[in-house]
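Following: one structure in structure tokens, then a few remarks.
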Protein chains: 2
Amino acid sequence: MTEAVTTTLNHETRLHEDDHHSIKLWLRLLTCSSLVETRLRGALREEFDTTLPRFDFLAQLERVPDGLTMGELSRRLMVSGGNISGISAQLVREGLVDRSPVPENRRMFMVKLTPKGRRAFAKMAQQHEEWVIGLLGHLSRDEADQLMHLLERVKQGL
Amino acid sequence: MTEAVTTTLNHETRLHEDDHHSIKLWLRLLTCSSLVETRLRGALREEFDTTLPRFDFLAQLERVPDGLTMGELSRRLMVSGGNISGISAQLVREGLVDRSPVPENRRMFMVKLTPKGRRAFAKMAQQHEEWVIGLLGHLSRDEADQLMHLLERVKQGL
DNA sequence: GCTTCATATTTTAAACGTAAAATGTTTGCG
DNA sequence: CGCAAACATTTTACGTTTAAAATATGAAGC
């Protein structure tokens with residue numbers, strides 16, 4: 001079973017004709033992000049045999065050469081601390097990140113990319129961007145700007 | 001990267017200053033739908049002790065009195081078939097849905113709401129709509145229309 | 001009737017996610 | 001100092017999700 005997403009159907013089929021604007025909007029938002037996420041997940045698995053959470057983990061580290069603590073990673077990735085422990089254990093095992101105690105505070109660990117991790121992420125990030133452009137790049141510059149702005153408005157209201 | 005400094009971190013912290021439009025757009029889309037999803041999930045658990053996937057599952061059935069097959073549910077909800085098997089087993093066990101073999105094609109099962117399921121969903125759906133309005137309702141009619149249209153354009157390109 | 005291929009669903013294994021308890025460390029305060 | 005509270009992380013137990021393999025049925029051609 002490798003399906004789940006096919007031709008036309010999606011969350012919006014949940015609606016009756018007369019349902020309200022906010023619900024419609026929410027379902028369309030959900031449809032769009034689910035579709036993009038599903039495709040990115042599949043491509044990452046196919047091409048690099050990795051997952052979205054792991055990609056995100058590396059992406060956070062990539063922009064902070066000095067590294068991040070477990071707790072900071074947890075906050076930035078918006079997932080629980082226990083989850084960070086697990087994912088970082090994987091990535092350490094694979095040699096993509098380094099996890100070493102912080103001398104000044106022995107409760108903490110500093111996590112950073114290894115050179116190998118940096119190389120691996122660079123490759124993935126480039127492909128990733130191309131995939132995203134392939135998925136969203138058909139919007140005109142103007143449409144993209146508008147959408148960006150409207151989503152910012154949505155975010156504000158949350 | 002304004003948000004990186006604040007306490008309200010989100011997916012967009014993944015970005016460098018000079019990253020490209022499509023990626024920015026995708027991360028903002030993801031941020032918005034994640035935020036809404038998280039809140040709805042929490043509210044559903046708190047108020048009705050249920051989950052978003054189960055609510056969505058019932059919502060799909062509610063608008064199709066004759067029921068849907070497992071495969072159709074999988075396509076509409078955009079989740080894997082294995083997942084549908086699991087969720088439907090739960091809901092059958094709780095008496096909210098009925099799942100019976102299709103005589104004409106013995107590979108399939110037809111799933112429909114039970115009266116109990118219909119009553120339970122009706123209660124939840126009203127609350128759910130109020131929550132969504134609370135989350136997205138601050139947009140003007142005009143903004144909502146524009147956003148709706150732009151997301152439709154995104155969907156088309158996928 | 002076979003064989004082959006497609007379809008519908010279930011099962012399985014692994015990744016991911018959370019919450020809560022456990023462990024070890026630091027901080028603050030009487 | 002000594003002790004309690006806060007903090008950072010790990011561990012444990014459990015639920016969800018996916019991809020992939022397995023199972024079962026149907027359809028089409030010879």
Side-chain angles (χ1 to χ4, degrees), chain A residues 1-7 9 30 33-58 67-94 96-97 99-111, chain B residues 11 34 37-42 44-46 49-57 67-94 97 99-111:
Chain A
M1 254 282 160
T2 316
E3 61 1 71
V5 177
T6 61
T7 52
L9 297 167
L30 180 56
S33 70
S34 298
L35 282 173
V36 173
E37 199 172 325
T38 299
R39 309 245 182 140
L40 289 179
R41 189 202 318 284
L44 277 173
R45 169 158 307 285
E46 184 126 340
E47 204 72 33
F48 298 111
D49 194 36
T50 191
T51 64
L52 212 39
R54 287 160 47 139
F55 179 81
D56 289 348
F57 191 110
L58 296 178
L68 294 168
T69 64
M70 306 292 277
E72 265 200 275
L73 277 163
S74 168
R75 282 188 290 282
R76 293 199 184 212
L77 293 169
M78 303 192 286
V79 298
S80 68
N83 193 1
I84 295 296
S85 290
I87 294 178
S88 88
Q90 284 179 25
L91 296 174
V92 166
R93 201 180 318 123
E94 296 168 22
L96 300 180
V97 313
R99 177 176 167 287
S100 41
V102 173
E104 307 86 50
N105 187 334
R106 293 185 315 188
R107 290 173 298 185
M108 301 189 195
F109 293 90
M110 192 61 75
V111 181
Chain B
H11 291 283
S34 297
E37 200 173 323
T38 299
R39 310 245 181 138
L40 288 180
R41 190 192 308 283
L44 277 173
R45 166 147 316 282
E46 184 125 339
D49 192 36
T50 190
T51 65
L52 204 42
R54 287 161 48 134
F55 178 82
D56 289 348
F57 192 111
L68 294 168
T69 64
M70 306 292 276
E72 264 198 277
L73 279 163
S74 167
R75 283 187 290 280
R76 293 197 185 212
L77 294 168
M78 301 193 287
V79 299
S80 70
N83 193 0
I84 295 296
S85 290
I87 295 177
S88 86
Q90 285 179 22
L91 295 175
V92 167
R93 201 181 316 123
E94 296 168 25
V97 313
R99 176 177 170 287
S100 41
V102 172
E104 308 85 49
N105 187 333
R106 292 184 316 188
R107 290 173 298 183
M108 301 189 193
F109 293 92
M110 191 60 75
V111 182

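Just so it is clear: chains get the letters A, B, ... in the order the sequence lines come, proteins before strands, and each one is counted from 1.
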Is it the case that the base of D/dT9 and the side chain of A/Arg107 share a donor-acceptor contact (distance under 3.5 Å, atom types as modelled)? no
Is any side-chain heavy atom of A/Pro53 less than 4.5 Å from a side-chain heavy atom of A/Ile87? yes
Tell me the interatomic distance from A/Met108, atom CE, to C/dT27, atom C1', rounded to whole angstroms. 12 Å
Please state how far atom CE in B/Met110 lies from atom C1' in C/dA8, giving the value in whole angstrom units. 12 Å
Closest heavy-atom contact between B/Met78 and A/Ser34? CE-CB, 3.7 Å
Judged by nearest nucleotide, the residue sitting upstream toward the 5' end of DNA chain D, A/Thr69 or A/Arg41, is A/Thr69
Protein-nucleotide distance (A/Leu44, atom CG; D/dA19, atom C1'), rounded to Å: 15 Å
Give A/Gly81 one of three labels, base, sugar-phosphate or nothing, depending on what nucleic acid heavy atoms sit under 4.0 Å from its own. base
Length of the CZ-C1' vector between B/Arg106 and D/dG26, whole Å: 10 Å
Contact list (N/O, under 3.5 angstrom) for nucleotides 12-16 of chain C vs protein:
| from | atom 1 | to | atom 2 | distance (Å) |
| --- | --- | --- | --- | --- |
| C/dC16 | OP1 | A/Thr51 | OG1 | 2.2 |
| C/dC16 | OP2 | A/Gln90 | OE1 | 3.4 |
| C/dC16 | OP2 | A/Gln90 | NE2 | 2.9 |

For atom CZ of A/Phe109 and atom P of C/dG24, their distance in whole Å: 12 Å
To the nearest angstrom, the CD-P distance between B/Glu37 and D/dT16 comes to 15 Å
Can you tell which of D/dT11, D/dG26, C/dT26 lies closest to the side chain of A/Ser85? D/dT11
State which residues pass side chain to side chain contact (heavy atoms under 4.5 Å, CB included) with B/Arg107; sequence neighbours excluded, sorted by chain then number. B/Asn105
Can you list everything that forms a salt bridge (Lys or Arg N to Asp or Glu O under 4.0 Å) with A/Arg45? Sequence neighbours excluded, please. A/Asp49
Which pairs with one or both residues in residues 78-90 of chain A pass side chain to side chain donor-acceptor pair (under 3.5 Å), sequence neighbours excluded? A/Arg54-A/Gln90
B/Asn105 CG to D/dA24 P: how many Å, rounded? 16 Å
Using the test salt bridge (Lys or Arg N to Asp or Glu O under 4.0 Å), find all partners of B/Arg41 that sit at least two apart in sequence or belong to another chain. B/Glu37
Applying side chain to side chain contact (heavy atoms under 4.5 Å, CB included), name anything that partners A/Ser33, two or more places apart in sequence or on another chain. B/Trp26, B/Leu29, B/Ser33
Using whole Å, what does the distance between atom C1' of nucleotide C/dA19 and atom CD1 of A/Ile84 come to? 16 Å
